[in-house]
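Numbers here simply count residues along the sequence, with the first being 1. Below, each value reflects all heavy atoms present in this structure, side chains not excepted, and no hydrogens, waters or symmetry copies.
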Amino acid sequence: MNRNVTKIAAILSLSVTFTMIGQSAYAATTAFTPLKKGMNNTRVLEVEKMLDALKFDYKLKVDKLYNSYTASNVKKFQKKYKLKQTGVVNLATYNKLKQVYDASKKPVTKPDTSPKPSDQTQTATLKLGSTGERVKELQKMLAALGYKVTSTGSYDESTRFAVMLFQSRNKQTLTGEADSKTYSTISEQYKNNKDQSNSGTTPSKPSTPPSQNNGGQNSGSVQPPSAEVPLPSELTADEKEMVQLVNKERTSKGLAPYQVDMQLTKAARVKAQEMVDKGYFSHTSPTYGSPFQMMESFGINYLAAAENIAQNPSVSGAHQMFMNSSGHKANIMSASYDYVGIAVVHGGPYGKTFVQMFLKK
C-alpha cells in the first residue's frame, strides 16, 4: 500500500534572483522546444529575423507566426548547411542558424588593427555555439555559484539560461551572452566565494527582522506583520487558502505578507491550465517560453521575478512540499519580492496543478 507514496506529487521552482533548485520532474527546465508550423512566440520571431537577415526570405513574414513559408525557408537553410531537411527548427538547426547569423554581423577589420589572438580569446563574447576552455571555465564558475550548468566546454542552452539568470540577479542587460563585463563579474563573484570557503567563513545572511533580534528580547516593542491582506474576490477558495498559507509563513518570520496581483494571477492560471491541457510539467511553456517571457507577454513589468510549480492532490500538501524544498521555500520567503499571483487548477496526474509567480515591481 505504501509503494505509491513517492508518486503523489511533483514540484519545480525557478527564479531570476535565486538559483533554480528543485526536483527535475517530467522535463528539464532548460529544454529546447522545437519550432514548427502553427507556433506563435518570441523564439519564432527571432528565427524569422535571422532568416531574413541571411536572405532566406522567400515570402517570409517576420511576424512571430510559424507558417508554411517559414518552414520553406528553414528547409532551404537546412539544405545549405547539410542539416536534415524537416522544416522544423530543432536545437541543432537553431544553434547553426544563430552561429551563421552572428558570424554575418561581425565587421571586417584590417589586419593591422585586429586585436592579437591572445587578446581576442580573453575578451570575445561567449554565446550559443562558442566552444573551448574559456567556455568550460565559465561553466565551472557558474556551477560553483549554484547555477545548474555542466562544464562541457560547449555554450549550450543551459549555459545561456544560467548566464541570463546571473545577469538578472546582478542588474545587467538580459542577453544570455557572456561579454567581457558579465564574464568579469562572474569571475569576481567566483573568486570571492572561493576565498570565503578557504577562510572558513560563509556568505553573510540577510539581517534578521527586528522582531527576531536579540533572542526575543524587547519583542514587545515591535509587532510582527499581520498575515491578513485584502484577498480579491476573483480568487478561488483554493487560491485564497494558498495565499493565506504563504503569508502566514512569511509573517511568522517577520516578513511582510505578499500582496495579490490579479494580472499576475491570470498569467499563472493560463500557465497552470496549459500544463493540464497539454500534459507537460515544466517552467518552459511551449506557447509563451520561460516564465519571464510569459510575464512580458502579459504586459507585466518587474525588477525581479520567480516561479514555483507543483502537482499535488491538496493545497496543504503542495504548500508543505514547497516549504520542504530549499529552492521553493527561498522564493516564498524572499524579501526581494512584493507581489504574488497564485493559480490552482483542477487536473494533472496528481489531482491539482499549482503555479506561484512572484515579482518585485
Side-chain angles (χ1 to χ4, degrees), residues 5-15 17-18 20-23 25 206 208-209 211-212 223-273 275-276 281 283 291 295 300 302 304-361:
V5 171
T6 58
K7 297 184 178 180
I8 61 169
I11 54 174
L12 284 176
S13 72
L14 179 64
S15 167
T17 56
F18 286 92
M20 288 183 294
I21 304 174
Q23 302 169 5
T208 308
S211 61
Q212 304 296 313
Q223 293 297 322
S226 170
E228 297 299 323
V229 296
L231 296 180
S233 59
E234 301 98 315
L235 294 181
T236 66
D238 282 346
E239 290 166 348
K240 289 179 180 178
E241 181 182 353
M242 181 158 272
V243 170
Q244 290 168 335
L245 288 172
V246 165
N247 280 338
K248 184 176 180 181
E249 297 283 359
R250 290 177 62 81
T251 56
S252 71
K253 300 299 181 183
L255 295 168
Y258 281 129
Q259 301 297 313
V260 176
D261 185 303
M262 281 310 299
Q263 190 177 12
L264 194 61
T265 299
K266 290 173 183 177
R269 285 173 176 170
V270 171
K271 176 69 174 287
Q273 190 64 56
M275 284 198 289
V276 171
F281 184 68
H283 290 297
M295 290 179 195
I300 299 170
Y302 59 86
E307 179 184 81
N308 287 343
I309 60 177
Q311 292 176 329
N312 193 284
S314 70
V315 173
S316 59
H319 177 72
Q320 196 56 52
M321 288 174 65
F322 284 147
M323 295 304 296
N324 288 340
S325 166
S326 58
H328 303 86
K329 181 179 178 180
N331 288 338
I332 289 173
M333 302 300 288
S334 173
S336 298
Y337 309 122
D338 307 309
Y339 295 89
V340 70
I342 291 177
V344 184
V345 171
H346 289 273
Y350 303 107
K352 293 181 180 180
T353 297
F354 303 80
V355 174
Q356 297 178 334
M357 289 183 170
F358 310 88
L359 63 80
K360 180 178 181 62
K361 294 185 178 181

Chemist: Taking C-beta and beyond as the side chain, do Asp238 and Lys352 meet within less than 4.5 Å on heavy atoms?
Modeler: yes
Chemist: What's the shortest heavy-atom distance between Phe281 and Met275, and which atoms?
Modeler: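 Heavy atoms of Phe281 and Met275 come nearest at CA-SD, 4.0 Å.
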Chemist: Of Lys361, Lys360, Arg250, which meets salt bridge (Lys or Arg N to Asp or Glu O under 4.0 Å) against Asp338?
Modeler: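 So the option named by the test is Lys360.
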Chemist: For the residue pair Leu235 and Met262, establish whether any side-chain heavy-atom pair is separated by less than 4.5 Å.
Modeler: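 Counting from C-beta outward, Leu235 and Met262 do come under 4.5 Å.
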Chemist: Would you confirm whether the ring centroid of Tyr337 sits within less than 6.0 angstrom of the ring centroid of Tyr258?
Modeler: no
Chemist: Quick one: pull up CD in Glu249 and NE2 in His319 and give me the separation to the nearest 0.5 Å.
Modeler: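 It is 3.5 Å, given to the nearest 0.5 Å.
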Chemist: Which distance, rounded to the nearest 0.5 Å, do you find between the CZ of Phe354 and the CE of Met242?
Modeler: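 Output value for this atom pair is 5.0 Å.
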Chemist: Could you give the distance from CD (Glu239) to OG1 (Thr265), rounded to the nearest 0.5 Å?
Modeler: 6.5 Å
Chemist: Are there over 12 heavy-atom neighbours, none belonging to Lys240, within less than 6.0 Å of that residue's NZ?
Modeler: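 Check passes, neighbour count above 12.
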Chemist: Of all the heavy-atom pairs spanning Ala306 and Met295, show the shortest one and how long it is.
Modeler: O-CE, 4.0 Å
Chemist: Check Ile342, Asn247, Leu231 against Val260 for a side chain to side chain contact (heavy atoms under 4.5 Å, CB included) and give me the one that passes.
Modeler: Leu231
Chemist: Has the side chain of Asn308 got a donor or acceptor atom that lies under 3.5 Å from a matching backbone atom of His328?
Modeler: yes
Chemist: Return the CG to CD1 distance between Leu245 and Ile332, rounded to the nearest 0.5 Å.
Modeler: 9.5 Å
Chemist: Within the distance-only criterion (no hydrogens, no angle test), does the side chain of Thr353 pair as donor or acceptor with the backbone N or O of Ala272 below 3.5 angstrom?
Modeler: no
Chemist: How long is the span from the CG atom in Leu359 to the CG atom in Leu264, to the nearest 0.5 Å?
Modeler: 5.0 Å
Chemist: Check whether any side-chain N or O of Arg269 sits under 3.5 Å from a backbone N or O of Val355 as a donor-acceptor pair, and report yes or no.
Modeler: no
Chemist: To the nearest 0.5 Å, what is the distance between CD (Glu307) and NZ (Lys271)?
Modeler: 3.5 Å
